[in-house]
**Q** 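Have a look at the structure that comes next, please.
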Protein chains: 2
Amino acid sequence: MALDNRKKEVLQAIVDDYVATCEPVGSKALIDRHDFMVSSATLRNDMAELEQMGYLEKPHTSAGRIPSDKGYREYVDSLMKVDHLSDEEGREIKEKLSMSFDEIAGLLKAASSTLADQTGYISLAMTPKLTSSYLTQLKMLMIEPGKVLVVVVLSAGVVKNRMVRIPDFLTQEQIAQISNAVEQGLSGLPLSEISLITVATAAKDNQKVELPESLLNQVLYEAYTAIKQADNLDVYMQGKHRMLSLPEFSDTKKAQGLFDTLSHDGLVAGYVDEVTKQDEKKEYMIRIGQEITLEGLDNCSFITTTYNVGGKVAGNIGVIGPKRMEYSKVISQINFVRMMLDEKLNQP
Amino acid sequence: MALDNRKKEVLQAIVDDYVATCEPVGSKALIDRHDFMVSSATLRNDMAELEQMGYLEKPHTSAGRIPSDKGYREYVDSLMKVDHLSDEEGREIKEKLSMSFDEIAGLLKAASSTLADQTGYISLAMTPKLTSSYLTQLKMLMIEPGKVLVVVVLSAGVVKNRMVRIPDFLTQEQIAQISNAVEQGLSGLPLSEISLITVATAAKDNQKVELPESLLNQVLYEAYTAIKQADNLDVYMQGKHRMLSLPEFSDTKKAQGLFDTLSHDGLVAGYVDEVTKQDEKKEYMIRIGQEITLEGLDNCSFITTTYNVGGKVAGNIGVIGPKRMEYSKVISQINFVRMMLDEKLNQP
DNA sequence: TTTAGCACTCTATCTTCTCGAGTGCTAAAC
DNA sequence: GTTTAGCACTCGAGAAGATAGAGTGCTAAA
């Protein structure tokens, strides 16, 4: 049975009210706050049906209704009104992101912090997925005998560095030569195609110094791990503690469950990745309550979207908030930040 | 009036019990749990006196006593028994820190995480104070035209890098020359003595390429900001959300106040710095309750100590927990981690 | 100085009670 | 068929009262 128009309006109104107050919504309160041209008894009938269909729930017999996960889902998919950011808000976001960031990490941190401030929820920004990007530079800098800083630069604008140990007696020149050889052999190659073997052949094809094989291999192995490590996603998350002021997390146990999960960057990043694949064609990936397979987030909703670098799908930004979230507002905020990122990351 | 021996024992026992249970301690409970050779009435008299002297407090008339800040202070300064880490614990800490870390940042992160795990409280690890360290290397790597990565290496083993923008048309060679000139001129110089002027004279004295003055200045300015930025302390903090399971933070408002303050790295770092100066000669800096001048930490205690790099006082590690903290245990844990850090940072 | 004894205090907890928002159902009205 | 008024019923939140018990301070004796 499909929802008739009035039922849609009722559901929408209930979600709106519940989001605003965090209190179960009753038929009378609904009449008071909205211009339904029918009586409360009629709404009661509609609400009973909506409940039977699974869109609403009752915390207990004689309370008002709250939206179920299915109810929120319907709301998000087809009921909510598109929200337009006020000029004021747009200006604020723009301002926070208008500084020039010379590294993508700085920009993402700023994006995450802006998003947390604007939404009041938990924000998330992840570095680009690097499997599709390629190596543009690799430099090895001798810091002191035996210690080399490997700097890896990727096409997506990501710069990572890692300190590695090498045998003490290798000279700056030898390292530089190896570094140049590897760089020449690998630059332009997608990260996914770089393996220990490709690193080794690249070096050996281009190398001009003679070094004992085993020694060379040792250095190459370190270079390889540095490159591979550049592949790691970094996750910037902010605004966690804001959740404590929400009534749904006034029980510290619930908050703790949430924070426990969120403290594992890898878990969250993996989940975002999975969701992004599932909803490949969608502009926003939205997961509500039980739909989220991360522990402790069943009272939350999770909205993410992707930003681009060089025309390719790159990384994700998103927001985690209570199920009772101002969906349309948050979506427009995320969208605005996304647009800003796209603009900044793709300008000449 | 000084504390006689029995009063000291009573205070000690009360602190121990309160730490263990988080419930006000009464005279009867005290008799039950400890082998005082006197009656509860005698203890009541002692407790009344201790209260009058300010070492104990009553939450309300007919409850037991809890230690006041002054009581904790006395306990920490002269009553508590030194705790020795069990072999098991020592082994665990050692294991977690035994990986080789090639950069100090990695080691500190691991130290912070170990400390949080072991104590169950909030842990803190700060990068070395760099004012007393000197520049050992400065490299400028051209990443793409107009973008240069400045790598700064300091004597304390700290490596920092920062991307800066320069005019597009400068070549790799020109940058390398400037970079070499600056490095030669500045290496060995304490950070505190490096100013825009010293950078400029260093470059000009050693420079072999001819570049228009204004252009050169622009590059030098960027180099200078990169060096100055290397001076920033990084703060690694972990285990925040563990505080939520403590009864003293079951009220989310209190937890929020705490988290709000802790989310400002700078505040915490500044406070640690101040305290370190105050207690210059002490092995541990301990601040209890109201002694802490950071907002929201009046229910906490704060214990820090310093680790060394190259024989000099360097950075801080520490723990923030409830006032009702297992002081001696925490101190021995911090101490163990500190020794591990010293060992790792000063080995050849 | 210590102790036994006792009256007193105050919180935490449990029960009971009431209030009121909200419900579902029925029968009449549209 | 849909909508509405009316009404009995439900159930949680919160107030009010009662009770228990851990703890106290004080007094007087050991």
Side-chain angles (χ1 to χ4, degrees), chain A residues 1-11 13-15 17-18 20-68 71 247-248 250-251, chain B residues 1-11 13-15 17-18 20-68 71 247-248 250-251:
Chain A
M1 169 173 27
L3 294 176
D4 63 40
N5 277 342
R6 200 183 52 221
K7 289 214 184 62
K8 284 184 186 170
E9 277 172 45
V10 171
L11 179 54
I14 290 177
V15 173
D17 280 14
Y18 185 66
T21 64
C22 194
E23 308 223 315
V25 184
S27 54
K28 200 116 179 258
L30 214 49
I31 292 278
D32 288 352
R33 270 193 290 247
H34 300 83
D35 298 333
F36 288 105
M37 305 310 296
V38 294
S39 76
S40 66
T42 311
L43 293 191
R44 271 204 294 284
N45 291 335
D46 286 347
M47 285 159 80
E49 281 190 58
L50 282 168
E51 185 184 350
Q52 225 191 341
M53 290 189 263
Y55 293 105
L56 295 178
E57 285 171 358
K58 271 191 292 200
H60 48 264
T61 332
S62 75
R65 306 300 211 293
I66 62 175
S68 67
E248 34 272 87
S250 65
D251 177 7
Chain B
M1 171 174 25
L3 294 176
D4 63 43
N5 277 341
R6 200 182 53 222
K7 288 215 184 63
K8 283 184 186 169
E9 277 172 45
V10 171
L11 179 54
I14 289 177
V15 173
D17 281 14
Y18 185 66
T21 64
C22 195
E23 308 223 315
V25 184
S27 53
K28 199 117 180 257
L30 213 50
I31 292 279
D32 288 351
R33 271 193 289 249
H34 300 83
D35 298 333
F36 287 105
M37 304 312 295
V38 294
S39 76
S40 66
T42 310
L43 292 191
R44 271 205 293 287
N45 290 335
D46 287 347
M47 286 159 80
E49 280 189 59
L50 282 167
E51 186 184 349
Q52 225 190 340
M53 289 190 264
Y55 294 104
L56 295 178
E57 285 170 358
K58 271 190 292 200
H60 47 262
T61 331
S62 76
R65 306 300 211 291
I66 62 174
S68 66
E248 34 271 87
S250 65
D251 176 7

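All of these numbers come straight from a predicted model, not from anything done at the bench. Quick note on labels: first sequence line is chain A, next is B, and so on, each numbered from 1.
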**Q** Under the side chain to side chain contact (heavy atoms under 4.5 Å, CB included) rule, collect the residues that match up with B/S62, sequence neighbours excluded.
**A** B/H60
**Q** Would you please name every residue forming a side chain to side chain donor-acceptor pair (under 3.5 Å) with A/E57, sequence neighbours left out?
**A**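 Once residues adjacent in sequence are excluded, A/E57 has no partner under the side chain to side chain donor-acceptor pair (under 3.5 Å) criterion.
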**Q** Could you tell me the boundaries of the chain B footprint on DNA chain C, defined by atoms under 4.0 Å from its heavy atoms?
**A** C/dT2 to C/dT11
**Q** In chain order, what residues pass the side chain to side chain donor-acceptor pair (under 3.5 Å) check against A/D251, with sequence neighbours excluded?
**A** none
**Q** Reading DNA chain C from 5' onward, which residue's closest nucleotide shows up sooner: A/A41 or A/P24?
**A**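 Upstream on the strand: A/P24.
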**Q** So, taking the atom named CG in B/L50 and the one named CE in B/M53, what distance separates them when rounded to the nearest 0.5 Å?
**A**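 Answer rounded to 0.5 Å: 5.0 Å.
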**Q** Tell me the closest heavy-atom pair linking A/E248 and A/C22, and the distance in Å.
**A** OE1-SG, 3.8 Å
**Q** Taking protein heavy atoms under 4.0 Å as touching, what does nucleotides 12-19 of chain D look like 5' to 3' if B marks base contact, S marks sugar-phosphate-only contact and - marks none?
**A** S-------
**Q** Applying side chain to side chain contact (heavy atoms under 4.5 Å, CB included), name anything that partners B/A48, two or more places apart in sequence or on another chain.
**A** B/R65
**Q** Touch check for A/S40, heavy atoms < 4.0 angstrom, all strands: base, sugar-phosphate only, or nothing?
**A** nothing
**Q** So, using side chain to side chain donor-acceptor pair (under 3.5 Å) as the criterion, who are the partners of B/S250 when residues are at least two apart?
**A** none
**Q** If you find the nucleotide of DNA chain C closest to B/R6 and the one closest to A/N45, which residue's nucleotide is nearer the 5' end?
**A**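 The residue mapped nearer the 5' terminus is B/R6.
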**Q** Can you tell me the distance, in whole Å, between the CG atom of B/L30 and the C1' atom of D/dG23?
**A** 13 Å
**Q** Near DNA chain C, counting only heavy atoms under 4.0 Å, which residues of residues 31-39 of chain A show up?
**A** none
**Q** Quick one: list whatever passes salt bridge (Lys or Arg N to Asp or Glu O under 4.0 Å) with B/E9, sequence neighbours left out.
**A**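 Counting only residues at least two positions away or on another chain, B/E9 forms no salt bridge (Lys or Arg N to Asp or Glu O under 4.0 Å).
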**Q** Taking only residues two or more places apart in sequence, or in another chain, which ones meet A/T21 in a side chain to side chain contact (heavy atoms under 4.5 Å, CB included)?
**A** A/E23, A/R33
**Q** If you compare all heavy atoms of B/L11 against all heavy atoms of B/G71, which two are closest, and at what distance to 0.1 Å?
**A** CD2-O, 4.1 Å
**Q** How is the base pairing of DNA chain D summarised as a dot-bracket string, given the Watson-Crick and G-U wobble criteria with both distances under 3.5 Å, [ ] for crossing and | for another strand?
**A** ||||||||||||||||||||||||||||||
**Q** Would a distance-only check, ignoring hydrogens and angles, find a side-chain to backbone donor-acceptor pair under 3.5 Å from A/S40 to A/S27?
**A**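 It does not hold such a pair.
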**Q** How close or far is atom C1' of D/dG1 from atom CG of A/D4, stated in whole angstroms?
**A**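 To the nearest whole Å, that distance equals 13 Å.
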**Q** Which heavy atom of A/E51 sits nearest a heavy atom of A/L56, and at what distance?
**A** CG-O, 3.6 Å
**Q** Going by the rule side chain to side chain contact (heavy atoms under 4.5 Å, CB included), which residues pair with A/A20 if we only count those two or more places apart in sequence or in a different chain?
**A**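 A/A20 satisfies side chain to side chain contact (heavy atoms under 4.5 Å, CB included) with no residue once adjacent residues are dropped.
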